[in-house]
Amino acid sequence: IALFSQFVPPQMSSLHAAILTLTAGGIDLLWYALVALGLSHAGVMARLRGHARWIDRLSGLLLLALGGRALLM
């Protein structure tokens, strides 16, 4: 909702605002459900577990880089 609040002018009717909010929420719900279903497939889970150490390392490096960038800004 926070991303779409810039598209809701004060004069917009409550019905239109609700439709916009439900549309954005529905798209998010569908996307996260598809990601969860895709990543929970047995073959995908086995590959993720097999590469867990490298995934953790890359995630850690990414978070350190983002933290460093935030610190320098």
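FYI, the numbering just counts along the sequence from 1.
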Requested in this report: Could you grab the distance from atom CG of Leu61 to atom CG of Leu58, nearest 0.5 Å is fine?
Outcome: 6.5 Å
Requested in this report: Would you indicate whether Arg53, at its atom CZ, is surrounded by more than 12 heavy atoms from other residues, nucleotides or ligands within a distance under 6.0 Å?
Outcome: no
Report task. Among Ile, Leu, Val, Met, Phe, Trp and Tyr joined by side-chain contacts under 4.5 Å, find the other residues sharing a cluster with Trp31 and list them by chain and number. Result -> Tyr32, Val35, Leu39, Val44, Leu48, Ile55
Query raised in the report: What's in the same ILVMFWY side-chain cluster as Leu34, cut-off under 4.5 Å, chained through other members?
Result: Leu30
**Report entry** Smallest separation among heavy atoms of His51 and Arg47, with atom names
**Finding:** ND1-O, 2.8 Å
**Report entry** Residues in side chain to side chain donor-acceptor pair (under 3.5 Å) contact with Ser59, at least two apart in sequence or another chain
**Finding:** none
